[in-house]
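First listed ligand is number 1; within each ligand, the first listed atom is number 1. Predicted model only: the values in this text are computed from it and were never measured.
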Amino acid sequence: MIELDSVSKNFGDTTVLAGVTGQVNRGEIFAVIGPSGAGKSTLLRLIDLLDTPTEGAIRINGLDIHADKGRRLSIRRMMGMVFQKPAVFNTTVTENVAVGLRFRGAGRSEIRKMVEDALDMVGLAGYGDRKARTLSGGEMQRVALARAMVIEPEVLLMDEPTANLDPVSVEMIEELVIRINRDLGTTILFSTHDMYQGQRLAHRIGVLMDGTFAQVGTPREVFTLPASRNVARFVGIGNVVDGVVVAAEDGMSAVNIGSARIRARSSFSRGERVSLCIRSEDIRIAPAIRGRRVFDGNILPGTVTSVVPRGPFSRVTVDCGFPLSSVLSWKAVEDLDLREGSQVTASFTAASVHVVRRE
Ligand code: ADP
């Protein structure tokens, strides 16, 4: 439905997008995630016709949206956009939502009915006569969503729609996004720097880094099988360590990291330089008991170098010849009596090691 074909964008000498290629399918919720400044807003603005690509093409239903100026209006009518900061006019909520309909020359009673329906959808029934500027940030963003949806767009674009909102409003907007997609079949493309929001809402995720999609995949693929070291870091994989494959057989590799040797499931060959991605959640910490083995896995002796509280968990870092971090509940830390200097073993299975080629 939306095709990004080698889309590039320069601002002066600065290249922000350097050949973004990908596709958003009809009826899909697609999240563009990436660090701040990666070019997420720029990409959405290009799709929303607020700016033009330096090179490449964006096609919607096969139509190059920047090529034919005569079609601009009909293309714009297919799309609703919600910005990070809700742009509300200093009039009533009804007037704010009705803007797009007036441009289309809809009749007065038709407008009233459509606005009421849209406000109802976003949970703001009865708010029509209020001054939009007196609303809370979360309510204003819902007005912006109603304004985008009242024109019944095929595509809803949202640029970091919850970046400035409190957690309750974030949850409300997220529920609305899911409902709009499910009930109306609207194709939704949104950007976020919050990878967990991408995970919660999206059918597929594009990770925008260094001007291109470093990876496009389902949340599960992106979060458990990151395509590169940088993606792994961005999606919060606690351990990304570099090594060299020293033995490989039957989809199993041995990788040397300094003095330690790690077993991992991978099809890389001997001599290849790789990075190992191991989620902290997959690493178990146990007292240093001799002779204990983990089937088909890795068991590394080490010394605890830090125990740092992190919300309901603690991050425990162990020096196994290289630093390896794990997350444990506070209770587990107490039960194991973990502190700086404790002798422990860190263990994890070969299957929990995801191997990527070193860049
Ligand atoms: P993100 O949304 O991922 O945070 P943006 O698309 O807002 O990233 O910005 C990407 C980069 O492009 C930033 O370095 C920003 O300063 C730059 N940029 C965005 N718009 C313009 C512009 N109109 N002129 C010059 N630089 C811009």
CZ/Arg76 to CD1/Ile65 distance, rounded to the nearest 0.5 angstrom?
-> 9.5 Å
Would you call Glu175-Arg179 a salt bridge at under 4.0 Å N-O?
-> no
Considering all protein heavy atoms, does one lie under 4.0 Å from atom 16 (O) of ligand 1?
-> no
Answer yes or no: is there a side-chain heavy-atom contact under 4.5 Å between Thr92 and Arg130?
-> no
Are Asp159 and Lys40 close enough for a salt bridge, meaning some N to O gap below 4.0 Å?
-> no
Could you tell me whether some N/O pair between Val16 and ligand 1 is separated by less than 3.5 angstrom?
-> no
Tell me which protein heavy atom sits closest to atom 24 (N) of ligand 1, plus the residue, atom name and distance to 0.1 Å.
-> Phe11 CD2, 3.4 Å
Considering only the protein, which heavy-atom contact is closest to atom 6 (O) of ligand 1, and what is its distance?
-> Thr42 OG1, 2.5 Å
Return yes when atom CG of Asp210 has more than 12 non-hydrogen atoms of other residues, nucleotides or ligands closer than 6.0 Å, and no otherwise.
-> no
Closest non-hydrogen protein atom to atom 13 (C) of ligand 1, residue and atom name please, with distance?
-> Gly37 O, 4.2 Å
Just go through Gly12, Ser36, Gly39 and tell me whose heavy atom is the nearest to atom 8 (O) of ligand 1.
-> Gly39
Going by an N to O cut-off under 4.0 Å, is there a salt bridge joining Asp242 and Arg273?
-> no
To the nearest 0.5 angstrom, please state how far the CG atom of Asn239 sits from the CZ atom of Phe348.
-> 8.0 Å
Who's closest to atom 3 (O) of ligand 1 heavy-atom-wise, of Arg45, Lys40, Lys9?
-> Lys40
Using distance alone, decide if ligand 1 has a nitrogen or oxygen within less than 3.5 Å of any nitrogen or oxygen in Ala38.
-> yes
Contacting atoms of ligand 1, where contact means under 4.0 angstrom from a heavy atom of Pro35 = 3 (O)
